[in-house]
Amino acid sequence: MRKSNIVLLILLAVVAALPLVGGPYALRLGTIACMYAILALSWNVVGGFAGYPSFATAAFFGFGAYTTGVLLGKGLPLWLGVVISAVAALLVTAALGAALLRLRGHYFAIASLSLVEVLRELVNNATDLTGGGMGLNIPLVSGFGVLAEAMFFFYAMWILLLLTALMVMAVAGSKLGFGLACIRQNETASSMVGLNTTLYKSIAFGLSACFVSAAGGVYAAWVHYIDPSDVFDILYSVKPIVMALMGGLGSPLGVACGAFLYLGLEEVVWRNYIQFHTGVLGLIIVLLLLFLPHGLISLRPANLWRRVKHV
Amino acid sequence: MSEILRLENVSRHFSGLQALRDVTLAVNGGEVLGLIGPNGAGKTTLVNTICGVTPANSGKVSFDGKDITRIKTYQAARLGLSRTFQIVQPFAEFTALDNVAAAALFSQPGQSLNTAREQAMAHLVYVGLELQANQSAATLTLAMRKRLELAKALAMKPKLLFLDEVNAGLNSAEVERATKLIHELAAGGITIVMIEHLMKVVLNVCTRIAVLHNGALIADGAPREVIENPAVVEAYLGQQYTKRNAGRG
Amino acid sequence: MHAAQILVNAVVLGCLYACIAIGFSLVWGVLNVINLIHGSFIVLGAYLAFGLYNALHISPWYSVAVAAPLFFVLGYLLQRLLLNRVITAPVLVTLTLTFGLDLILNNAMIYFFKADYRKLMLTPSLGSVSIFDVVVPVDRLIATVSALALTGVLYLLLRRSRVGRAIVAVRLDRDAAVLMGVDVKSIYAIAFGLGAALAGCAGVLMALIFPISPLTSSGYLGKAFVVCVLGGLGSVSGALAGGLLLALVEGIGSTFFGPAHATTLSFILLIIFLILRPQGLLGRKGFE
Ligand SMILES: Nc1ncnc2c1ncn2[C@@H]1O[C@H](COP(=O)(O)OP(=O)(O)OP(=O)(O)O)[C@@H](O)[C@H]1O
Ligand SMILES: [Mg+2]
């Protein structure tokens, strides 16, 4: 196994030990950290490996949140609701991918962005099932206390993150990952050597959706109440991209670190500049893209040294 | 010799521009067919049409007895049709080895990445790129990239190989080396269709020549016959040349 | 509602949609950048009209003359100082960058103007005209005519002026334009400035009709997306065709399925168009 993958697994093990040292606040942050990492790692499959600029993450997230929310309302247990959400997202997205991934560049970006809009509007209008703009109340999962509940959702999210990380590593080291790398570099040449690009891209799109959808499901159960403008927030599409760019595209370890780092920044901004938090977030994005386009990896001592010598 | 590829009345246009007109052509197993014609004659388009990149608007293409007119590119590759690109198309971030491994991996279903890499090394040795195996494709010289294209095409275990101007941009030593390779391949039993502007190379390796002009096939036959055909001389070298020759004669 | 009224409403709204989208389309076509700040520029233009009317009693149709140069300079500088640094980067980067800029601008607007909806109330109100039994409010009519006039001005500018021809040349073939001696960098900045100016002016006109709030920016942006894709990227006539088609679909859609489904319908249409006819109704011919 690659060294960076081992480091990533160790990092995840460290995160799992969080409840030993932190209270409810740390657990809340830890849960969000896991969720962000799931989003970023998943996005990386289609955005980093295959090089398709997908802005559809919010669509997958909202889809999972509502599917699980509705199923919980019908009395299904949480785990079943999450599994159904994940599988449904995988299948639906893979099928959609076959059509959408024929588009490239800006057109694909716009189409994926529109997917978010379409789903949000559909949920908004399907009032009977989803409660529409009024939102959906989700029954409490169980009767345990505050801390126990925080612990439960932290580990639920952590397990999803572990699964996502394993999936991404497996993809990276497999024929699928190799094929996606070919597609990213030169799609025409890829199909010319016998690579079924449509199939590969669809699988990648499906995989990038399924764990995000599951995370949306856990999120819905965790916060007990969701509404379309919350779970279909376009920020859920953009944040994973920023995280992946922060960590340096492609490497799972980098992307996961990017997610944790991003959450740290976001938390600081939230606490200090509540009125300006989106503005500061925007500023971070702008500065990052202008000055560190290759992510924080370019800040490694070796690279810095090279830069100094360059000057 | 049995027929391996057959085109019947194949036409292809690009919004108004007729790139191929009613091309009917057969390629026999084991031969080296030279496809020549002036710039923009439609040679590359013909290869693209056979490989499913720009499918024919009308007409029929069959390969090994199967109708492949509407085939997808990747399926064509798996049937044993392979080609080099006129403008080289490497996977720039990959090493030379992985470039060839990709070809070996995806052209044969059920192949594993490790065996593909092993096979790839053999092909790199064959085209003389073994020293560059771990170098990224972006850093190779043009001549090396052309040979990389060839290694990729060979890694696909082709029955029919299209070589699209493999010699363009190479110096004479490099051309000689490439020509030798093509001879070896032909001797090894691969059917080859080569698009080539260098007449010396064409006459040296081809057993038959077909000429495209403005998308139409204007001649097809034994090399000497074809290049002495006045229509070909005129299309290929321009009217001036014909007149000058006439004046001399 | 009867057919004639639906049709007239669609034409009125369609011209406004075209006006919303035209600057977005110009920037996308010429710079190959999807400019996500576009929606917030429109809202900012609306606030400008609102402020000028309430403070100085300047009517919105005059405010256009104020908005155009202001927004042009804003856009020009933004492109020169920021966007230009990443102009050759992949889609992902330019798109995310304009998203970040949009977050900043939108947050600033929420801070200064608050998120509540305001309405520019003309006093005295202009009433409405009716021909047979088709009724059109006069303020809408004025907005529509002004929107058409703006599109016309852009069309003439691109067609007749030197700068306009240079913009078109860059759009059609950047490298050839460079060879012909066009300064691509400054053309990019001018095109982006024009895009911003058009957004600002569109915002001024929208203030006549729609409630104003920073929260409406994503709605405008969405319309611009749809219009561009439906009509075909990068031409004035394409934007008009796209705007009319969108308004017509929304009008008919909301008559049959209820107004709530109009937006859904338009985005589904967008995806269908992207897949089946990415060049849009009028093809991707480029700017006149
Ligand atoms: N994908 C395409 N879209 C539009 N036009 C095309 C396309 N491919 C080829 N053409 C046009 O078809 C004609 C034939 O081109 P083609 O590349 O087949 O010529 P060629 O014989 O290979 O020439 P050369 O010797 O220069 O390689 C040219 O006019 C070219 O511009
Ligand atoms: Mg050619």
Side-chain angles (χ1 to χ4, degrees), chain A residues 1-2 4-5 44-52 97-99 101-102 104 168-204 244 248-252 254-255 293-295 297-298 306, chain B residues 47-48 50-54 71-85 87-95 97-117 120 123 136-138 145 148-149 151-158 162 164:
Chain A
M1 204 196 283
R2 302 238 323 262
S4 70
N5 285 348
N44 192 45
V45 174
V46 69
F49 294 163
Y52 270 73
L101 291 152
R102 288 176 18 194
R104 295 191 188 173
V168 173
M169 289 176 200
V171 169
S174 70
K175 189 169 168 176
L176 174 62
F178 195 76
L180 294 177
C182 290
I183 291 173
R184 183 186 67 232
Q185 295 172 68
N186 191 332
E187 198 162 335
T188 320
S190 305
S191 53
M192 206 60 83
V193 295
L195 175 62
N196 184 348
T197 51
T198 314
L199 179 69
Y200 272 52
K201 289 187 293 185
S202 296
I203 296 175
L249 284 185
S251 127
V255 171
H294 300 293
I297 292 222
S298 52
R306 207 179 308 152
Chain B
V47 177
N48 282 337
I50 295 166
C51 295
V53 181
T54 53
I71 203 168
K72 297 239 168 57
T73 314
Y74 78 91
Q75 293 167 326
R78 290 181 187 180
L79 283 179
L81 283 156
S82 85
R83 59 97 59 99
T84 66
F85 284 94
I87 298 163
V88 290
Q89 306 256 2
F91 300 116
E93 299 163 26
F94 275 179
T95 60
L97 183 74
D98 276 352
N99 264 278
V100 183
L105 182 61
F106 297 113
S107 56
Q108 295 142 46
Q111 182 83 293
S112 85
L113 188 52
N114 284 336
T115 24
R117 285 208 171 106
H123 291 290
S136 94
R145 279 189 238 177
L148 182 63
E149 283 281 304
K152 270 162 86 175
L154 292 177
M156 292 164 63
K157 305 230 161 83
F162 295 96
D164 196 348

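As the structure is a prediction and not an experimental result, all values here were calculated from the model. Proteins come first, then strands; the chains are lettered A, B, ... in the order of their sequence lines, and each starts at number 1.
For B:Ser107, the parts lying under 4.5 angstrom from a heavy atom of chain A are both the backbone and the side chain. Interface remark: B:Leu105 contributes backbone and side-chain atoms alike to the contact with chain A (heavy atom separation under 4.5 Å). Using a 4.5 Å cut-off between heavy atoms, B:Asp98 touches chain A through backbone and side chain atoms alike. Heavy-atom distances place both the backbone and the side chain of A:Ser190 under 4.5 Å from chain B.
Put simply, the residue from B:Asn99, B:Thr84, B:Ile87 that forms a side-chain contact (heavy atoms from CB on, under 4.5 Å) with B:Glu149 is B:Thr84.
Per-residue heavy-atom pair counts under 4.5 Å with chain A were compared for B:Gln111, B:Gln89, B:Lys72, B:Glu93, and the maximum is reached by B:Glu93.
Between A:Val193 and B:Ala77 the shortest heavy-atom distance is C-CB, 3.9 Å. Taking both residues in full, the closest heavy atoms of B:Pro90 and B:Ala137 are given as CB-CB, 3.9 Å, listed atom of the first, atom of the second, then distance.
Note that B:Lys152 lies outside the cation-pi zone of B:Phe85, set by a 6.0 Å cut-off to the ring centre and a 45° limit from the axis.
Two rings, from A:Phe49 and A:Tyr200, have their centers 6.0 Å or more apart.
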